[in-house]
There are 2 protein chains.
Amino acid sequence: MVTRTAAERRAESKAAYDAYLAECPARQLLERISDKWVSLIVNALAEGPQRYSDLSRRIASVSQKMLTQTLRNLERDGLVTRTVTPTVPVRVDYGLTPLGRTILPLMRAVKTWAESNMDDVIAARNRYDTSA
Amino acid sequence: MVTRTAAERRAESKAAYDAYLAECPARQLLERISDKWVSLIVNALAEGPQRYSDLSRRIASVSQKMLTQTLRNLERDGLVTRTVTPTVPVRVDYGLTPLGRTILPLMRAVKTWAESNMDDVIAARNRYDTSA
DNA sequence: CGGCATCCAATAGGATACTG
DNA sequence: CAGTATCCTATTGGATGCCG
């Protein structure tokens, strides 16, 4: 590991990944986090660790498959922790990792944006649909 | 239109939409903006209005279908303007609306997050895959 | 140039049944 | 409770051809 200045590291990281490029890993990561289930799950976990069943109830109509699948991906990507308590029946808690907490403000902003600009979007759709 | 105080309107809007609810329109809007093409297009348009062909070149490997489809949706939702100049051949420019500019910081943050945390995510994946 | 229409392959994702 | 496994349908999205 060569020592570099902050500026050097910044320049390097700037050049390293570019989501505009199709083959860039960042493109796949962008795709992964640009997902409604990711947004809802991370937002839900903002209030602290929660059990699988809590998340399931909180996020209306999420199927067991999508909830598990999304949580597994988030865990693998280092955004979410999974803690199993081997009681009977088993208890599983999910929480945000430090890395996961860095994306929380973004996910929160996106969800909030959708909720607070819904009226404007509806108005725009009405204009578009009636004019067309 | 009844006159309300800012606090009343805020409280009302707060209660009006909730993306956690499956039937809520905000859930569909969240789904719509949680899309890699939306993110990339809005980011690209941050630098000012651009032609269709510019966007196509900038966003590597986006198909004509997805680019047009996403732009149409964004236009309908009031985030993007579409300006046709009837020359031969025709010239079409896309730009962000004021509403579109309100979502730009979020889309920019998401894309930047993906690019700047790629290394951490890769490391997390390696840990997950080798331990499992 | 900037599309639209169509067809088709791939993927996402819901429903159901079963388990430690 | 918190999953896994399987099946099957619906949606996504690429490829192609045509057009003003």
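Order of the sequence lines fixes the chain letters, A, B, ..., with proteins taken first and strands second; residue numbering starts at 1 for each chain. Side chains are part of it too, since the values below use all heavy atoms of this structure and drop only hydrogens, waters and symmetry mates.
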Backbone N/O of A:Tyr52 and side chain of A:Ser56: donor-acceptor pair under 3.5 Å: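 Between the backbone of A:Tyr52 and the side chain of A:Ser56 there is no qualifying donor-acceptor contact (under 3.5 Å).
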Would B:Tyr17 and A:Asp119 count as having a side-chain donor-acceptor pair, cut-off 3.5 Å?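 Judged by distance alone, the side chains do pair up.
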Report the C-alpha distance between A:Leu55 and A:Leu40 in whole Å, list the side-chain angles of each, state the deciding distance to 0.1 Å, and finish with yes or no for side chain to side chain contact (heavy atoms under 4.5 Å, CB included). CA-CA 9 Å; A:Leu55 289 171; A:Leu40 291 171; over 6 Å; no
Go through the steps to decide whether B:Thr85 and B:Val92 satisfy the test side chain to side chain contact (heavy atoms under 4.5 Å, CB included), and finish with yes or no. CA-CA 6 Å; B:Thr85 309; B:Val92 182; over 6 Å; no
Can you sort out which residues in [range] have a heavy atom within less than 4.0 Å of DNA chain D? Ascending by number, please.
range: residues 59-71 of chain B; value: B:Ser63, B:Lys65, B:Met66
range: residues 79-90 of chain A; value: A:Arg82, A:Pro89, A:Val90
range: residues 20-54 of chain B; value: none

Are [X] and [Y] within salt-bridge range, i.e. N to O under 4.0 Å?
X: A:Arg27; Y: B:Glu115; value: no
X: B:Glu75; Y: A:Arg125; value: no
X: A:Asp129; Y: A:Arg127; value: no

Separation of [X] atom [atom1] from [N] atom [atom2], in whole Å?
X: A:Asp93; N: D:dC1; atom1: CG; atom2: C1'; value: 12 Å
X: A:Asn73; N: D:dG3; atom1: CG; atom2: P; value: 14 Å
X: B:Glu75; N: C:dG3; atom1: CD; atom2: C1'; value: 13 Å

Run the side chain to side chain contact (heavy atoms under 4.5 Å, CB included) check on B:Tyr20 and A:Lys111 step by step: do they pass? CA-CA 9 Å; B:Tyr20 284 130; A:Lys111 175 169 173 292; 3.6 Å; yes
I want to check one thing: is the phosphate of D:dC1, taken as OP1 and OP2, less than 4.0 Å away from some side-chain N or O of A:Tyr94?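 No, outside the criterion.
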With a cut-off of under 6.0 Å to the ring centre and 45° to the axis, is B:Arg51 in cation-pi contact with B:Tyr94?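 Geometry flag: not set, cation outside 6.0 Å or 45°.
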Any link between A:Ile103 and B:Ile122 through a network of hydrophobic side chains (Ile, Leu, Val, Met, Phe, Trp, Tyr) touching at under 4.5 Å?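 Yes; B:Ile122 is reachable from A:Ile103 via cluster members.
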